[in-house]
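Notes follow once the structure below has been shown.
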2 protein chains.
Amino acid sequence: MLIRVDSGSSLPLYDQIASGIRRAIADGEVGRGERLPAAKELAASLDVNMHTVLKAYGMLREEGIIEVRRGRGVTVIDQPADRAALAESARRLVADARRAGLTTAEIVDLVEAHATD
Amino acid sequence: MLIRVDSGSSLPLYDQIASGIRRAIADGEVGRGERLPAAKELAASLDVNMHTVLKAYGMLREEGIIEVRRGRGVTVIDQPADRAALAESARRLVADARRAGLTTAEIVDLVEAHATD
DNA sequence: ACCTATTTGTCCGTATGTATG
DNA sequence: CCATACATACGGACAAATAGG
């Protein structure tokens, strides 16, 4: 898995790492169900602290794209895409947001705030 | 704001702190829009590390209950219930979309498609 | 415009705990 | 029992946003 980080970037290192892993998965560089390197190893290879990698892993776990378990490591979740459920989620979000009085632009902002690349 | 933590508990300190703050808000001990103590202060009063308090604050921010800003401190959000539900919906949508391999731009497109003005 | 203090954000390092195999 | 690997908590350092003088 090829990831590069730039300590001079304005983006936090953990964001860069999370993005790199998302890309690696999207590109099929790491397959579904496959294991990602241990935090300690990835940290060493990127020359960052283990906590920084663990924070990136934690983000991806909250996004539901990896499974993180102590003693076992990190694996990419293998789940088929369900576009129907996705559309339903989007519909429900918009409905709730409308009820709360949000404009379309505000809804987009809200979504983007939860979709940090 | 009265919070108690037990280092002997099986629950992490940051969970205990977050729970304590949720309760304090629910009980009206701290009002909407009011400010919570600086992380450093709360940490000192609970005899825990500042980072532990910051982690608790981060959790509550993700839940949409509080607003945390650098240099300004932490304030309780006006409509926690609605915003919290919205944030949760947005989080879930993004997680599902990520799992389906969508990029941020594609997620925004999906939302906009359901938010025709 | 400048300076200072405050406050959170990020990153590092270390130590210890806990689940897994 | 032992090694691996993440989880929690501590501490320190510096950066960046904010507020106020």
Side-chain angles (χ1 to χ4, degrees), chain A residues 1 3-21 25 30 33-77 109 112-114 116-117, chain B residues 1 3-21 30 33-77 87:
Chain A
M1 185 178 56
I3 296 181
R4 300 201 6 177
V5 293
D6 170 20
S7 60
S9 166
S10 66
L11 280 172
L13 292 174
Y14 60 78
D15 266 338
Q16 297 180 45
I17 295 169
S19 292
I21 295 173
I25 293 173
V30 284
E34 255 182 56
R35 208 182 149 191
L36 292 177
K40 193 176 169 185
E41 289 173 26
L42 184 53
S45 79
L46 297 177
D47 196 28
V48 301
N49 193 274
M50 183 182 67
H51 292 310
T52 306
V53 173
L54 284 175
K55 179 144 186 173
Y57 279 169
M59 291 176 65
L60 298 173
R61 176 181 49 189
E62 287 197 4
E63 291 172 13
I65 70 179
I66 62 174
E67 189 181 20
V68 183
R69 297 181 56 179
R70 11 177 132 157
R72 243 181 91 195
V74 181
T75 53
V76 180
I77 287 185
D109 285 347
E112 283 179 333
H114 287 80
T116 332
D117 266 319
Chain B
M1 187 179 54
I3 296 182
R4 299 197 11 173
V5 293
D6 171 19
S7 61
S9 165
S10 65
L11 280 171
L13 292 175
Y14 61 78
D15 265 339
Q16 297 180 46
I17 295 168
S19 294
I21 295 173
V30 282
E34 254 181 57
R35 207 183 152 194
L36 293 177
K40 192 177 171 186
E41 288 174 25
L42 184 53
S45 78
L46 296 177
D47 196 25
V48 301
N49 193 276
M50 182 182 69
H51 292 127
T52 305
V53 172
L54 285 175
K55 177 145 187 173
Y57 279 168
M59 290 176 64
L60 298 173
R61 175 180 52 188
E62 287 196 5
E63 292 172 13
I65 293 173
I66 61 175
E67 188 181 22
V68 183
R69 294 181 61 179
R70 215 186 267 193
R72 241 178 129 208
V74 180
T75 52
V76 180
I77 287 188

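Every chain is numbered from 1, with letters handed out A, B, ... down the list of sequences.
- Between the CG atom of B/Leu42 and the P atom of D/dA9 there is a distance of 14 Å, given to the nearest Å.
- A/Thr75 is not listed as a side-chain neighbour of A/Leu36, based on a closest heavy-atom distance of 4.5 Å or more.
- At whole-Å resolution of the value, NZ in B/Lys40 and P in C/dT8 are 10 Å apart.
- Rounding to whole angstrom units, CG of residue A/Leu11 and P of C/dT10 are separated by 11 Å.
- A/Val74 and A/Arg35 make their closest contact through O-CG, 3.1 Å (heavy atoms, listed as atom of the first residue, atom of the second, distance).
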What side-chain donor-acceptor pairs closer than 3.5 Å can you find for residues 44-54 of chain A, not counting sequence neighbours?
residue: A/Ser45; atom: OG; partner: A/Leu42; partner atom: O; Å: 3.0
residue: A/Asn49; atom: OD1; partner: A/His51; partner atom: N; Å: 2.9

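- Listed pair B/Thr52 / D/dC10 meets the phosphate criterion, a side-chain N or O lying under 4.0 Å from OP1 or OP2.
- Note: CG (A/Leu54) to P (D/dA9) measures 15 Å, nearest angstrom.
- Between B/Glu67 atom CD and C/dT7 atom P there is a gap of 16 Å when expressed in whole angstrom units.
- Residue A/Arg35 has a polar side-chain atom (N or O) positioned under 4.0 Å from OP1 or OP2 of D/dA5.
- Side-chain contact between B/Ile17 and B/Val5 is present, with heavy atoms from C-beta onward closer than 4.5 Å.
- For a distance-only test at 3.5 Å, the side chain of A/His51 qualifies as a donor-acceptor partner of the base of D/dA9.
- The CG-C1' distance, from B/Asp15 to C/dT18, rounds to 16 Å in whole Å.
- Rounded to whole angstrom, the span from the CD1 atom of A/Ile66 across to the P atom of D/dA5 amounts to 15 Å.
- The CZ atom of B/Arg61 sits 12 Å away from the C1' atom of C/dT10 (whole-angstrom rounding).
- For B/Leu13, taking side-chain heavy atoms from C-beta onward, the closest of the listed nucleotides D/dC6, C/dT20, D/dA9 is D/dA9.
- An OP1 or OP2 oxygen of C/dT10 is reached within less than 4.0 angstrom by a side-chain nitrogen or oxygen of A/Tyr14.
- Side-chain N/O atoms of A/Arg69 include one lying less than 4.0 angstrom from OP1 or OP2 on C/dT20.
- Nearest-nucleotide positions on DNA chain C place B/Val74 closer to the 5' end than the other of A/Asn49 and B/Val74.
- When distances are taken from the side chain of A/Arg72 to each of C/dG9, C/dG21, D/dA7, the shortest belongs to C/dG21.
- A/Glu62 has its side chain within reach of B/Glu62: a pair of non-hydrogen atoms, C-beta onward, lies under 4.5 Å apart.
- Using a 4.0 Å heavy-atom cutoff across all strands shown, A/Met50 reaches no nucleic acid atom at all.
- Checking D/dA9, C/dA19, C/dT7 against the side-chain heavy atoms of A/Arg70 singles out C/dA19 as nearest.
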